[in-house]
Amino acid sequence: MPREQRREQLMDVARGLFAERGLDGTSVEEIAGHAQVSKPVVYEHFGGKEGLYSAVVAEDMRTLHDAIAEAISRPRTDPRTLIELGTLALLDYIEENPDGFRILSRDSNPFQPAGSFQTILSAIASRVEGLLAAQFERRGYDPETAPLYAQMLVGLVALAGQWWVDARVTSGMNRPEVAAHLVNLAWNGMRNLDVDPRLRLEELPHEGEDDEGEDDGAEDDGDTGPASPDDPEQRGC
């Protein structure tokens, strides 16, 4: 087998094992056995299990990042379509390469600190941030909040993807259906943003607040605190 084909074969075999058992639970012996080669072949190509793991992660990161980045970077495309394209790009990757996605989303890579699922999400969020900032400014929202909304939007899709990779069979939902529900929440939520959002809890009295006010008034002999409920004026007399 040519060298490049052997390398790809070893990566494909290792990807399945890493996805199932993790880095620590996979041995060079198992990889070599599943690939039907001797252990020295694995060492020759990758230097060991860690080098093979890093190669798998790097390839999957590049594939996923490029797919999503291309989807959301199409010129003259309206925001809703960009959300749909980005969501479908992630779900396409999951459907075609579930083992790779499991590795990226579940495991960190101690041998390649700059490479992780979070790295991809941060890079994608940076692109989304620019798109949102322009839209926010046009629609009267504060563009300074675009980084926060970009993180929330990307996180929403990413977490749903992590759920779907294991729930594809049991949920009974196919890729377009999952994408439609994600876009439904993301797009309709973004369309109905408040310009100046506030928590409803901020408008409610804190627990015990009224009682504390009555106690303060009693201790101050009624000079500056609230009137006692027994005050004739409070009874309307």
Side-chain angles (χ1 to χ4, degrees), residues 8-27 30-31 34-35 49-50 52-74 80-128 149-190:
E8 287 301 319
Q9 180 213 18
L10 292 172
M11 291 177 64
D12 288 342
V13 168
R15 182 179 286 109
L17 292 171
F18 289 143
E20 179 184 352
R21 307 176 188 181
L23 174 62
D24 293 336
T26 304
S27 67
E30 289 172 316
I31 296 170
H34 281 76
K49 178 179 69 172
E50 292 79 8
L52 178 50
Y53 183 83
S54 291
V56 169
V57 169
E59 181 175 83
D60 289 331
M61 280 189 58
R62 182 171 57 252
T63 302
L64 178 56
H65 175 271
D66 291 352
I68 298 177
E70 180 182 0
I72 66 173
S73 300
R74 299 188 184 185
R80 176 178 176 130
T81 301
L82 288 176
I83 294 175
E84 291 185 3
L85 290 171
T87 301
L88 285 170
L90 174 64
L91 297 180
D92 281 343
Y93 176 84
I94 293 173
E95 194 167 59
E96 295 169 4
N97 193 2
D99 287 341
F101 185 76
R102 285 190 180 95
I103 294 171
L104 291 180
S105 61
R106 181 192 64 198
D107 299 337
S108 60
N109 185 359
F111 310 104
Q112 193 178 25
S116 67
F117 188 50
Q118 185 58 45
T119 305
I120 299 176
L121 298 185
S122 296
I124 298 302
S126 295
R127 290 174 177 262
V128 173
Y149 282 94
Q151 292 288 339
M152 291 189 289
L153 184 58
V154 172
L156 164 70
V157 177
L159 285 175
Q162 287 179 284
W163 166 80
W164 190 61
V165 71
D166 292 318
R168 286 174 299 157
V169 177
T170 57
S171 70
M173 300 175 65
N174 60 30
R175 179 179 56 86
E177 289 174 328
V178 174
H181 284 288
L182 276 169
V183 174
N184 183 37
L185 176 59
W187 177 248
N188 288 319
M190 296 292 286

Worksheet item: What distance do R168 atom CZ and R175 atom CZ have between them, rounded to the nearest 0.5 Å?
Response: 12.0 Å
Worksheet item: Tell me, do R15 and N97 make a side-chain contact under 4.5 Å, heavy atoms counted?
Response: yes
Worksheet item: Are any non-hydrogen side-chain atoms of V178 and L91 less than 4.5 angstrom apart?
Response: yes
Worksheet item: Is there a donor-acceptor contact under 3.5 Å from the side chain of W164 to the main chain of S171?
Response: no
Worksheet item: Would you call I72 and L85 a side-chain contact if the rule is heavy atoms closer than 4.5 Å?
Response: no
Discussion item. I want to check something: taking the side chain as every heavy atom from C-beta on, are D99 and L17 in contact at a cut-off of under 4.5 Å?
Written reply: no
Item to complete: With sequence neighbours left out, write down each residue that passes salt bridge (charged side-chain N to carboxylate O under 4.0 Å, His left out) with R80, or none if nothing qualifies.
Response: E84
Response to the item:
Here the pair of heavy atoms bringing V154 nearest to A125 is CG2-CA, 3.8 Å
Discussion item. Can you tell me how far apart CE (M61) and CD1 (I120) are? Round to the nearest 0.5 Å.
Written reply: 4.5 Å
Worksheet entry | Spacing of T87 atom OG1 and D92 atom CG [to the nearest 0.5 Å] | 10.5 Å
Worksheet, complete the sentence: Across all chains, not counting sequence neighbours, the side chain to side chain contact (heavy atoms under 4.5 Å, CB included) partners of E8 are M11, E59
Worksheet item: Given side chains that start at C-beta, do those of F101 and E95 come closer than 4.5 Å, heavy atoms only?
Response: no
Item to complete: Give, for atom CZ of R102 and atom CD1 of I94, the distance between the pair rounded to the nearest 0.5 Å.
Response: 10.0 Å
Worksheet item: In Å and rounded to the nearest 0.5 Å, what is the CZ to NE2 distance from R127 to H65?
Response: 5.0 Å
Fill in: Atom of L88, atom of A179 and distance for their closest heavy-atom approach
CD2-CB, 3.6 Å
Item to complete: Check Q162 against V165 and note the closest heavy-atom contact, atom names and distance.
Response: O-CG1, 3.1 Å
Practice prompt. Could you tell me which non-hydrogen atom of G161 sits nearest to which non-hydrogen atom of L90, and how far apart they are?
Written response: CA-CD2, 4.5 Å
Worksheet entry | side chain to side chain donor-acceptor pair (under 3.5 Å) between S122 and Q118, intermediate numbers included | CA-CA 6 Å; S122 296; Q118 185 58 45; 3.3 Å; yes
Worksheet item: Would you say Y93 and I68 make side-chain contact, with heavy atoms under 4.5 Å?
Response: no
Worksheet item: Hey, what do you get for CD1 (I124) to OG (S73), rounding to the nearest 0.5 Å?
Response: 7.5 Å
Worksheet entry | Side-chain touch V57/F18, heavy atoms, less than 4.5 angstrom | no
Worksheet item: Any side-chain heavy-atom pair from Q9 and D12 closer than 4.5 angstrom?
Response: no
Worksheet item: Which atoms form the tightest heavy-atom contact between D60 and G100, and what is the distance?
Response: OD2-CA, 3.4 Å
Worksheet item: Does E177 CD have over 12 foreign heavy atoms under 6.0 Å away?
Response: yes
Worksheet entry | Side-chain donor or acceptor of N188 paired with backbone N/O of N184 under 3.5 Å | yes
